[in-house]
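Below is one structure, written out as structure tokens; comments come after it.
Side chains included, hydrogens not; waters and symmetry mates left out as well; all remaining heavy atoms used. Predicted model only: the values in this text are computed from it and were never measured.
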Amino acid sequence: MARKTATMEAGTGAPAERVPGLDRLPAGPALFVGRRTELAALRAAAVRPAEGRSPVLVLAGRPGSGRTALAVRFAVTVAGQYPDGVLFARLSAPDGGRVPPARAARRLLEQLGADTADVPLPGAAGDGRDDPACVALRAALAGRRVLLVLDDVRDAGQLWPLLADEPGCLVLATTAGPLTGIEDIDPVILGGLDRTAAAELLGDLVGGTRIGCDPVGAADLAEACGSQPAALRLMAGRLRGKPELAVTEAAKELLRAVAEAGKAEPESVKEPAEAVDPPAPNGKGKGERGKGRGAAVTGPEPAAAVDPPAEPARDPAAWVRPGPEPAEPVPVPDNDPLVGAFTLAYAGLTAAQARMLRALTLAPAQSADPRTASALVGCPAPEAATTLAALAERELLAEEPPAADGTARYRVPGRLHPRLVRLRERDDRPAEIELARARLLERLVRLTESARSLLDPSEGAGPDPLPGPLRLKSAAHAREWLLGERDPLLGAVADAIGQGDLDGSAGRLVTALLRSLPLTGAAAPADLHQLHELVLTVAERHGRPRRASAALLNLGDLQAAAGRWEQASGHYRAALEHARTADDEALCARALEGAAGCHRALGDAVRAADWYGRALGVRQSMGDQTAEARLLARVAEAHAAQRRFDEAEREYRASLSALRRIGDERGREAVAAALAELRERVSAGW
């Protein structure tokens, strides 16, 4: 099968294959045709001067228009001009959920190689331009030439916190609607492919002879698809699966399916509130009649139609502002050719394939490999791999970049996700869905525990070995798997705890992740913070104060490590209340000491002395002499800070006595040195 690609001039700079980060981009379709005009418009927009900020290109098109594939094609072509790398983030979940910019910023920082352990945790607002991760990302981009590809942006509120004041970087954002709130953006709006490109795509996907022998049927099919790439690919998959089906008959089938789908729903849902102009069957959208900003670039319109650049403002406040509240995702209307093509493709699946496709909507981030897919449907991994490949062949799954060990990965396209959820709710019993989710969680627990045992054999034996196709082979493989699957793993446990019906399995997965992720050496504090918050949610839901107290203590420790003492103090105080409810003296002492440390860091020596004294009393009642010696020294420091020198010397001497009793010579030396320094300062008139 011949590979057709758009003709583009190679960008100047380093060879694209040497640019770091290209492998992060979605795999994209193997066949890419047309879009020469749109690519030319993107090239023209990319070279506009943008003094004081990164240039922003917006590629807008409704679901199925091929906007992500075009963005990837353009990024690969210009990557050589950005030698510091290509970064990629998807800002919408397949179900249309909005990815917070703070989370996207942390992932982009990791792709840059930045140490996110130094990035403070989100604040109370947590999601604007002042979020610590967004600030750190913009600082990290300063002085670099980086290409950022941000896919499926829902609203300007997601995008503008990520925009750096660095004109050497380029931001390419794809969206289903206009990004109001960001100045000086002329979106390239995608309609359908032109007639020649649509015929080329069908010929390459189905076979040139079959399409070439029936040019009229091919034209009819392209028109029935609205020349949309996604609908064309689905119909091509149907034709490949049914060699006896005539191209003309396939066009008629699609028209009937679209008409039936349009009648199946109430009139109010037939026409969506589209944010971009829908394409006409000939591939031209109404937006071609527009002038200036927002004009569509489709079909044969020349690149010269793009407006000349406006003078950018120097002050960031002048070129960006928070957008309105996020809008609902742009839906695919029931009378869209994409829906009809999907209906026909789904009807041609075997029962096992259809079940697998529906089950993949339960996968974390709707992304799966044979390990997770086999758990969802309860079949062997090799059988799951075969089914996944068959669904991808029918254009019902998008291929993702393979895992580090070469395992194939697939994703449910966002444009199909809502339809598949409806089918799952209609065709699968609730008990079957719950069982599939439980199998998935247990599979992830076993894989995570297996990774932990490979990374740290001293912690004891892991679970029973998994079957060969599922097994992690080495410590390096385990680390790659944990880091590569971190987002899906976190998503799986958050979803399970959010639904609240599988807390047992979800709790085991949280515990396994908390034990395993730090062993990779790349555990982000934000991820650990999220996991401990999930532990707290489950503990409070089931009335387990001891576990809730432990989770709050860990959250306090993470905030304290980030230097956020007020937030840490709040967590320690809440932990103390739960510890008292559980009547657990050890947890009470930890909470009291943590709160005292926060007061000490904030310079409040009076409260520090009070809280250290309360912790000391609890430790003494427990007979913990090591902790008693440590806390006596802390109380002495707090007294010294208040210039209560006699009390400070008394507590230092008591600490020395406790250390002598337990035989801690190193501790005695440290406290003796602190006492000597205190006496010296007092003698000097301090």
Side-chain angles (χ1 to χ4, degrees), residues 24-26 42 45-46 48 50 52-62 67-68 70-72 74-75 82 86-93 96-109 111-112 122 125-142 144 146-190 275-276 293-294 310 312-313 315-330 414:
R24 301 187 187 107
L25 296 173
L42 290 171
R48 293 178 181 175
R53 68 169 173 91
S54 303
V56 180
L57 309 182
V58 174
L59 192 55
R62 68 188 189 186
R67 59 181 188 256
T68 301
L70 178 55
V72 170
F74 176 75
Y82 300 92
V86 177
L87 309 183
F88 176 80
R90 188 172 283 119
L91 296 188
S92 290
R98 181 179 187 269
V99 174
R103 187 189 308 168
R106 281 182 161 77
R107 294 298 177 252
L108 292 169
L109 278 168
Q111 293 177 25
L112 274 174
D127 228 9
R129 191 167 173 85
D130 294 332
D131 177 85
C134 297
V135 172
L137 174 65
R138 298 196 302 271
L141 292 173
R144 302 197 193 203
V146 172
L147 173 62
L148 289 85
V149 181
L150 305 177
D151 189 33
D152 208 8
V153 179
R154 281 274 306 279
D155 56 80
Q158 289 177 294
L159 180 57
W160 72 275
L162 307 178
L163 300 182
D165 307 334
E166 174 51 66
C169 295
L170 176 66
V171 177
L172 174 59
T174 72
T175 181
L179 298 179
T180 56
I182 300 178
E183 299 296 332
D184 300 325
I185 290 180
D186 293 294
V188 175
I189 301 179
L190 295 185
V276 296
R293 183 173 297 113
D315 182 5
W319 54 262
V320 69
R321 62 183 183 273
E325 288 297 316
E328 290 298 316
V330 174

Does any part of the side chain of [Y], heavy atoms only, come nearer than 4.5 Å to the side chain of [X], both counted from C-beta?
| X | Y | answer |
| --- | --- | --- |
| F74 | L57 | yes |
| L148 | L162 | no |
| D131 | P161 | no |
| V58 | V153 | no |
| L70 | V188 | no |
| L112 | V146 | yes |

Nearest 0.5 Å please: distance from the [atom1] atom of [X] over to the [atom2] atom of [Y].
| X | Y | atom1 | atom2 | answer |
| --- | --- | --- | --- | --- |
| R103 | C134 | CZ | SG | 12.5 Å |
| L172 | L59 | CG | CG | 6.5 Å |
| L137 | R107 | CG | CZ | 13.0 Å |
| L150 | S92 | CG | OG | 11.0 Å |
| F88 | L147 | CZ | CG | 11.5 Å |

Ignoring hydrogens and geometry, is there a side-chain-to-backbone donor-acceptor pair from [X] to [Y] under 3.5 Å?
| X | Y | answer |
| --- | --- | --- |
| R24 | V86 | yes |
| Q158 | R98 | no |
| S54 | L163 | no |

How close do [X] and [Y] get, heavy atom to heavy atom, and via which atoms?
| X | Y | value |
| --- | --- | --- |
| L170 | A46 | CD2-CB, 4.2 Å |
| E166 | R144 | CG-O, 3.6 Å |
| A133 | L109 | O-CD1, 3.7 Å |
| P55 | C169 | CD-O, 2.8 Å |

Between D152 and R67, is there a salt bridge with N-O shorter than 4.0 Å?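 Yes, charged N to carboxylate O under 4.0 Å.
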Under the side-chain contact (heavy atoms from CB on, under 4.5 Å) rule, what do V72 and D151 come out as? Steps first, then yes or no, please. CA-CA 10 Å; V72 170; D151 189 33; over 6 Å; no
